[in-house]
2 protein chains.
Amino acid sequence: MVIISLDLQSESPIYIQLRNKIIEGIASKQLRPGDPLPSVRTFAQDLGVNMHTVNKAYQLLKQDGFIQIHRQKGVVINPDGMPSVDGNYLANVRENLRPVISESVCRGMNKEELMKLIQEVYEEIQKGGEHDDLH
Amino acid sequence: MVIISLDLQSESPIYIQLRNKIIEGIASKQLRPGDPLPSVRTFAQDLGVNMHTVNKAYQLLKQDGFIQIHRQKGVVINPDGMPSVDGNYLANVRENLRPVISESVCRGMNKEELMKLIQEVYEEIQKGGEHDDLH
DNA sequence: TTATCTGTTATATTAATTATAGAACAGTTA
DNA sequence: TAACTGTTCTATAATTAATATAACAGATAA
């Protein structure tokens with residue numbers, strides 16, 4: 001299993017953090033299509049949070065096609081592959097990036113510095129999966 | 001003045017939207033250092049929101065050094081220049097970018113496509129300031 | 001069959017956040 | 001004096017986030 005640490009003092013809700021951590025796990029290939037995820041109850045206990053908080057994160061991931069939920073097999077990373085980059089997603093991510101990029105422009109970052117930053121984070125994410133498989 | 005439109009149905013709070021719009025205005029050079037901003041009361045009336053909501057956005061911008069607030073001159077874009085890219089900000093923006101980039105990786109974007117997207121948004125922001133000055 | 005696990009749903013409560021409202025204060029400006 | 005400025009205080013309503021408890025339906029293992 002992937003070790004997931006939550007920041008209970010963070011401004012972003014626990015169920016959002018959990019959703020993001022799982023997505024980061026997939027991006028870094030620590031989690032691969034078909035891999036099982038813990039049940040809502042055991043995961044909640046492991047993380048020290050409520051069952052419904054985990055369920056909320058699972059519902060988001062299911063809704064976007066990142067996971068499948070079967071009453072029999074439990075929860076798995078979608079074996080049929082990940083959701084694609086459609087127009088809806090693109091418009092969304094643009095809106096999210098706009099204020100972030102705007103602020104870095106205000107603070108004096110030029111295009112090259114911004115690109116370098118993005119590239120660093122990009123490689124940092126991939127690097128996270130270069131350890132021994134933990135699942 | 002810069003025309004600002006708020007989405008009252010958005011998931012992100014009004015005062016955050018307003019903060020971001022002003023930052024986007026600075027990034028696109030529609031707002032320049034020294035430019036005045038409306039008083040909390042008149043801005044609130046123009047936007048159709050409460051005075052305290054505008055004040056909250058102003059406090060955030062002041063706290064980060066984007067604006068200055070004088071009891072005499074009112075509110076102005078910081079004439080002494082914008083805040084810089086310090087370690088604190090860098091660590092912060094990295095944390096914000098991490099889940100966004102992770103999801104695009106999951107969805108099959110490669111580094112080049114991601115870079116192109118960033119570049120497009122970057123130029124879209126600059127393009128916003130290429131109209132006649134509205135202030 | 002019984003017991004135990006699974007996801008799911010429903011209801012309830014608590015705490016925190018968001019947005020609004022009205023009032024007042026201190027200072028500046030016309 | 002009158003009208004404006006930012007700021008602060010108190011209060012309220014609505015929404016969101018997190019927890020808690022219970023129950024249901026289905027699958028699984030003893």
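Below, chains carry the letters A, B, ... as their sequence lines are ordered, and counting in each starts from 1.
- Partners of A:Glu123 according to the salt bridge (Lys or Arg N to Asp or Glu O under 4.0 Å) rule, which considers only residues two or more places apart in sequence or in another chain, are B:Lys111.
- Counting only residues at least two apart or on different chains, the side-chain hydrogen bond (donor to acceptor under 3.5 Å, both in side chains) pairs with a member in residues 4-18 of chain B are B:Ser10-B:Ser12.
- Taking atom CD of A:Gln45 as the reference point, atom C1' of C:dC5 lies 14 Å away to the nearest angstrom.
- Between B:Glu103 and B:Arg107 a salt bridge is recorded (basic side-chain N to carboxylate O distance below 4.0 Å).
- Taking atom OH on B:Tyr58 and atom C1' on D:dT5, their separation rounds to 12 Å, with Å as the unit.
- The side chain to side chain donor-acceptor pair (under 3.5 Å) test applied to A:Glu124 returns B:Arg98, not counting sequence neighbours.
- B:Gln30 and B:Asp35 get closest at one heavy-atom pair: O-OD2, 4.0 Å.
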If you look only at distance, which donor and acceptor atoms sit under 3.5 Å apart when one is on a side chain in residues 56-65 of chain B and the other is two or more places apart or in another chain?
unit_1	atom_1	unit_2	atom_2	d
B:Tyr58	OH	B:Pro38	O	2.6
B:Asp64	OD2	B:Arg19	NH1	3.3

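- Within the structure, a side-chain polar atom (N or O) of A:Lys62 is placed less than 4.0 Å from OP1 or OP2 of C:dT8.
- When atom types are taken as modelled, the side chain of A:Ser28 and the backbone of A:Glu24 share a donor-acceptor pair closer than 3.5 angstrom.
- Linking ILVMFWY side-chain heavy atoms closer than 4.5 Å, directly or via other members, places A:Val76 and A:Phe66 in two distinct hydrophobic clusters.
- Rounded to whole angstrom, the span from the CG atom of A:Leu61 across to the P atom of C:dG7 amounts to 14 Å.
- What separates CD1 of A:Ile69 from C1' of D:dG26 is a distance of 15 Å, to the nearest Å.
- Applying the side-chain contact (heavy atoms from CB on, under 4.5 Å) rule to A:Gln45 yields no partners; only residues at least two apart in sequence or on another chain are considered.
- Between the CD atom of A:Gln9 and the P atom of D:dA18 there is a distance of 12 Å, given to the nearest Å.
- When the side-chain contact (heavy atoms from CB on, under 4.5 Å) test is applied to B:Pro33, no partner is found at least two apart in sequence or on another chain.
- Residues A:Ile14 and A:Leu37 share a hydrophobic cluster, clusters being chains of Ile/Leu/Val/Met/Phe/Trp/Tyr side chains in contact below 4.5 Å.
- For B:Asn50, no side-chain nitrogen or oxygen approaches OP1 or OP2 of C:dA19 to under 4.0 Å.
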If you restrict it to nitrogen or oxygen atoms, what contacts under 3.5 Å exist between nucleotides 25-27 of chain C and the protein, and what is each distance?
unit_1	atom_1	unit_2	atom_2	d
C:dA26	N3	B:Arg71	NH1	3.4

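- Contacts between residues 12-23 of chain A and DNA chain C, defined by a heavy-atom separation under 4.0 Å, are absent.
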Dump the pairs, protein N or O against N or O of nucleotides 9-11 of chain C, anything under 3.5 Å, distances to one decimal.
unit_1	atom_1	unit_2	atom_2	d
C:dT9	O4	A:His52	NE2	3.3
C:dA10	N6	A:His52	NE2	2.6

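- Applying the side-chain hydrogen bond (donor to acceptor under 3.5 Å, both in side chains) test to residues at least two apart or on different chains, the pairs with a partner in residues 78-87 of chain B are B:Gln68-B:Asn78, B:Gln68-B:Asp80.
- One atom, CZ of B:Phe43, and another, P of D:dT5, lie 13 Å apart when rounded to the nearest Å.
- Contact between the side-chain N/O atoms of B:Lys73 and the OP1/OP2 oxygens of D:dC4 is not found at any separation under 4.0 Å.
- Helical stems in DNA chain C, defined as runs of 3 or more consecutive Watson-Crick or G-U wobble pairs with donor-acceptor distances under 3.5 Å: C:1-5 with D:26-30, C:7-25 with D:6-24, C:27-30 with D:1-4.
- Within the structure, every side-chain polar atom (N or O) of A:Thr53 is placed at least 4.0 Å from both OP1 and OP2 of D:dA18.
- Between the P atom of C:dT29 and the NE2 atom of B:His70 lies a distance of 12 Å, rounded to the nearest Å.
- Distance, A:Gln63 CD to C:dG7 C1': 17 Å, rounded to whole Å.
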Contacts table for residues 88-96 of chain B: side-chain donor-acceptor under 3.5 angstrom, sequence neighbours left out:
unit_1	atom_1	unit_2	atom_2	d
B:Tyr89	OH	A:Ser104	N	3.2
B:Arg94	NH1	A:Glu120	OE1	3.3
B:Arg94	NH2	A:Glu120	OE1	2.7

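- Note: the hydrophobic cluster containing B:Ile23 does not contain A:Val105 (ILVMFWY, side chain heavy atoms under 4.5 Å, direct or indirect links).
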